[in-house]
Undergrad: 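Once you've had a glance at the structure underneath, I'll fire off some questions.
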Amino acid sequence: RRSHSIDVRDYLPNNTLTTAWSTVRVPIAALKTDAWDLCNVEQMGFAPDPKSRHIWIDEVHAREEDTPPFEVVGGVSH
């Protein structure tokens, strides 16, 4: 099964990917589909950057819906 795909820029300030470290919060609801509520995720994937930049991800947290949203902390190097 697959979740919805998102563009991380939609969750960044000014919708811009920069070289600055950023905290990105993506609601779990943005990833759910009608067929899959994400109750049993075993793997996460990240698509390659079209500009071949390196994206560093330090921490990923998934939380219940009544707590703060999914969070990715990372940065980008050009």
Side-chain angles (χ1 to χ4, degrees):
R1 292 184 277 187
R2 297 190 74 133
S3 69
H4 285 292
S5 295
I6 58 109
D7 186 329
V8 73
R9 290 175 294 194
D10 293 340
Y11 300 91
L12 287 167
N14 301 316
N15 301 96
T16 305
L17 190 60
T18 69
T19 58
W21 288 94
S22 299
T23 297
V24 178
R25 290 186 171 94
V26 178
I28 292 290
L31 302 172
K32 289 181 180 181
T33 66
D34 290 340
W36 191 26
D37 65 1
L38 304 177
C39 66
N40 59 345
V41 175
E42 294 179 6
Q43 187 177 77
M44 291 181 67
F46 299 89
D49 180 68
K51 294 184 180 178
S52 298
R53 295 172 289 198
H54 296 282
I55 299 174
W56 306 98
I57 299 172
D58 286 339
E59 297 178 34
V60 175
H61 302 274
R63 301 181 178 141
E64 296 293 331
E65 288 187 48
D66 58 347
T67 60
F70 179 86
E71 183 174 288
V72 175
V73 179
V76 177
S77 68
H78 290 273

Undergrad: Which atom names give the shortest non-hydrogen contact between N40 and R1, and what distance separates them?
TA: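 Smallest heavy-atom distance, with atoms named: ND2-NH2, 3.1 Å.
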Undergrad: Can you name the nearest heavy-atom pair linking Y11 to P27, along with the distance?
TA: CE2-CD, 3.6 Å
Undergrad: Report the distance from atom OG of S22 to atom CZ of R9, rounding to the nearest 0.5 Å.
TA: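 Output value for this atom pair is 13.5 Å.
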Undergrad: Can you tell me how far the CG atom of N15 sits from the CG atom of L17, to the nearest 0.5 Å?
TA: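 Atom-to-atom, N15:CG and L17:CG are 11.0 Å apart.
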Undergrad: Roughly how far, to the nearest 0.5 Å, is the CG atom of L31 from the CG atom of D37?
TA: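 One finds 12.0 Å between CG of D37 and CG of L31.
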Undergrad: Of the non-hydrogen atoms in V24 and V26, which two are nearest, and what is the gap between them?
TA: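 Answer, listing the atom of V24 first, then V26: CG1-CG2, 3.9 Å.
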